[in-house]
Each structure stands twice: as C-alpha cells, then as structure tokens.
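Scroll down for the structure; my scribbles are underneath it.
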Amino acid sequence: MAIQWFPGHMHLTRKAIGERIKEIDVVIELLDARLPGSSANPMLAEITKGKPALKVLNKQDLADPARTAAWLAHFNAQPGVRALPLDASMSTPSRALVAACQALAPNRGGMTKPMRVLICGIPNVGKSTLINTLKGKRAAKTGDEAGVTKIEQRITIADDFYLYDTPGILWPRIIVAKSGYNLAASGAVGRNAFEDEEVALELLDYMRQHYAPALEARYKIQDAAALSDEQLLEGVGRKRGALLGGGRVNLNHAAEIVIHDFRSGALGRVTLETPEEFAQWLEVGEKLDAERQIKKDAIDLARNIRLKKVARPPKHGSRGAPEDAQDGAQDEASD
Ligand code: G4P
C-alpha cells in the first residue's frame with residue numbers, strides 16, 4: 001500500500017515557507033544522502049521555483065560514496081543548483097555552506113544586503129543537528145509538530161548571513177511508491193503511516209540486489225541474492241532471536257531490526273537509489289498518477305451529472321423526467 005503522511009502542522013509549514021520565500025536569496029534543501037531523489041520535496045521545488053538552490057546531501061557518512069558522487073554530479077549539472085555532501089562529524093560546516101550560497105547569489109552580502117537563506121528538509125534528515133552545529137551551542141529542537149516550536153526560527157550565522165529554519169516537511173501525495181518506502185526506512189514518516197514489515201521487505205529486496213554482501217556480513221546469511229525477501233526477513237529473525245512460541249519468527253520484530261540497522265548504519269554505507277533509477281520510478285509514478293487523475297475526473301463528472309439530475313426541478317410543462325435525464329437517455333441511446 002502506498003505510504004502517505006502529511007499531517008496538519010506540515011500545512012502550516014508550507015504556508016510559512018510560501019510567505020517567506022519572496023525575501024529569500026538562496027534555498028538550502030537538506031537531503032538524505034541515502035535517498036537523494038526520494039527526499040527531495042516536489043512541493044518545495046514548486047514553492048521555491050526560480051530561487052537559487054543548494055542541495056546538501058546530509059548523512060553522507062551513512063551513504064555509498066560512489067553513489068553520493070553520482071548524485072552530486074546530477075544536481076550540480078542543473079542550472080541555478082549547487083550540491084555538497086555533509087555529515088554531523090563536520091565541526092565547521094558553515095564555511096562550505098556560506099561559500100556555496102555566495103556563489104549562488106553573488107550580489108548579496110555585506111550589512112546593507114545580508115544573505116537571506118531558507119533551510120528546509122524532510123523530518124529526521126538531520127536539520128536540528130546541523131543547526132545546532134551552526135549555532136555553536138545546543139539549541140532547542142525545531143519541533144516537527146505545530147505548537148511545539150515556532151514555525152520558523154532566524155539564526156544569524158554571520159552579521160550579513162541570516163538562516164531561516166523551518167520544521168521538517170513532506171508533501172501531500174507521494175506519487176513514487178518506492179519513495180514512500182525509502183522515506184519510511186529513513187525515519188521521515190510517522191510511525192503510524194506504515195507497516196514495518198512492508199518497509200523492511202522493500203529494503204531487503206533492494207539490498208539483496210545491490211548490497212548482498214552487506215546483508216550476508218550483518219546477518220551471517222549465505223547467498224543473500226538468491227533468497228526471496230520473505231526468506232531473508234525470516235533469516236534475520238532467526239539469527240537475531242526474534243522468535244515467537246513454537247520456533248516461529250516474529251516478523252514484525254525482525255522488520256524493526258532491519259529498519260534500525262539501516263538507520264544506524266549497521267548495514268554499512270548504503271544508498272537506496274541512483275539518479276537513473278529514481279528518474280525511472282518518477283516516470284512510472286507520474287504515469288500512474290495521470291491515469292488515477294483521469295479516473296478521478298471521470299468519477300467526479302459522473303457524480304456531478306447525477307447531482308444535477310436530482311437537484312434540477314422538472315421544466316415547466318414537462319410531464320415527468322427532468323431535462324438532463326432525458327439528455328442522458330438520448331446520449332445512451334446514441335452510444
Ligand atoms: P531533524 O531535525 O531533521 O528531524 O533531524 P535530527 O537533527 O534530529 O537528526 C535525526 C537523527 O539523525 C539523529 O539521530 C541524529 O543524531 C542523526 N544525524 C543527524 N545528522 C547526521 C549525520 O550527518 N550522520 C549520521 N550518521 N547521523 C546523523 P537519533 O538517533 O534520532 O538521535 P540522537 O540520539 O543521535 O540525537
């Protein structure tokens with residue numbers, strides 16, 4: 001089942017970004033380096049269209065270095081976009097961020113024209129950690145829930161460099177099914193919006209095909225690539241003692257183990273998508289979404305016609321059926 005999560009507080013964040021964007025010089029989008037395509041927010045792209053963009057591939061320490069290089073090249077080839085890798089171990093990330101923003105908006109800077117930067121990202125991408133490092137002290141976490149903290153905080157990086165922080169945000173409809181799973185695996189999606197087992201099976205399916213040695217090493221499993229996803233999950237459960245009575249595997253617990261191991265990096269440096277794969281998934285997602293929209297439009301049209309028939313009183317002088325019903329009958333007859 002497709003994973004979707006867009007709770008009310010994200011509506012507020014979307015609104016706040018829309019209001020702020022006019023006076024922003026550069027938009028920094030923090031991406032998860034393990035899912036750079038899936039963690040890029042299409043709604044944000046729409047709201048911030050035309051603004052210079054800095055894509056920061058965060059948690060690069062957990063991602064596959066060769067794939068991070070491919071994603072950086074992919075983003076850097078786009079006009080008005082720069083990309084750089086980052087992780088929490090970097091003690092002075094501000095230098096690289098400030099330099100990249102200056103390159104993107106060279107006309108800004110100095111006390112009269114301070115650089116105004118908006119920083120956004122999906123939940124759990126590491127934004128609070130980065131902001132805390134930039135501030136140089138423990139700062140209040142920017143809550144993902146409305147009312148927990150303000151929608152937006154301004155942080156002064158230098159006298160002429162302001163950073164506007166926003167809470168983590170997803171988008172109303174995730175049309176790429178694989179993105180939903182990858183986002184859930186990364187911890188960006190609320191716990192109640194997905195089934196652990198389903199997400200773990202997708203994760204194992206991808207890793208079996210691309211990172212089989214990592215699975216074999218972590219779970220002491222032989223020939224992971226030859227096993228089905230279900231056999232792999234069972235294998236993880238047995239090796240890690242996730243058992244129910246009668247020797248049966250507790251599949252939900254096994255799934256939690258797999259997801260936790262991915263999030264913590266215990267499975268090694270893994271990236272769940274390449275630029276080419278993501279482009280294919282997006283194409284399929286857009287096609288399915290267009291088909292869904294056509295079906296929905298047809299249903300809406302049929303409903304509107306039905307409602308019109310019920311709502312409209314019979315014409316003066318007419319003996320029975322309202323005009324629209326007669327029209328409909330004619331249409332059917334002529335079909
Ligand atoms: P958010 O504000 O975007 O929601 O994310 P936050 O900074 O709270 O980070 C989410 C989790 O990701 C935290 O782990 C944090 O330590 C971890 N993290 C952030 N940046 C990096 C990074 O560059 N590399 C790695 N490996 N991890 C990173 P947590 O287990 O949820 O919390 P904690 O106990 O570590 O604080």
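Basis for what follows: all heavy atoms, side chains included, without hydrogens, waters or symmetry-related copies. Start at 1 and go down the list; that is how both ligands and their atoms are numbered.
- The shortest N or O to N or O distance between G126 and ligand 1 is below 3.5 Å.
- The CD1 atom of I24 sits 10.5 Å away from the OG1 atom of T48 when rounded to the nearest 0.5 Å.
- Counting heavy atoms under 4.0 Å from ligand 1, residue N58 touches it through the side chain alone.
- Atoms of ligand 1 lying under 4.0 Å from any heavy atom of L62, numbered from 1 in the order shown and given with element: 26 (N).
- Within the listing of ligand 1, atoms 20 (N), 21 (C), 22 (C), 23 (O) sit less than 4.0 angstrom from a heavy atom of A88.
- Contact annotation: for T129 versus ligand 1, heavy atoms closer than 4.0 Å belong to both the backbone and the side chain.
- Among R34, K59, R263, the residue whose heavy atom lies closest to atom 27 (N) of ligand 1 is K59.
- In this structure K113 satisfies the salt bridge (charged side-chain N to carboxylate O under 4.0 Å, His left out) test with no other residue, sequence neighbours excluded.
- Y162 carries R154 over the face of its six-membered ring, with the cationic atom under 6.0 Å from the centre and within 45° of the normal.
- The aromatic rings of Y206 and Y211 are tilted relative to each other, their planes meeting at an angle between 30° and 60°.
- F262 carries R34 over the face of its six-membered ring, with the cationic atom under 6.0 Å from the centre and within 45° of the normal.
- Remark: ligand 1 and D61 share an N or O pair separated by less than 3.5 Å (distance only, no angle test).
- Every residue two or more places apart in sequence or in another chain was checked for a side chain to side chain donor-acceptor pair (under 3.5 Å) with N76, and none qualifies.
- At a 4.0 Å heavy-atom cut-off, ligand 1 touches D87 through backbone and side chain alike.
- Within a 6.0 Å radius of NE2 in H11, more than 12 heavy atoms belonging to other residues, nucleotides or ligands are found.
- Heavy-atom contacts of N124 reach the following atoms of ligand 1: 1 (P), 3 (O), 4 (O), 5 (O), 10 (C), 11 (C) (cutoff under 4.0 Å).
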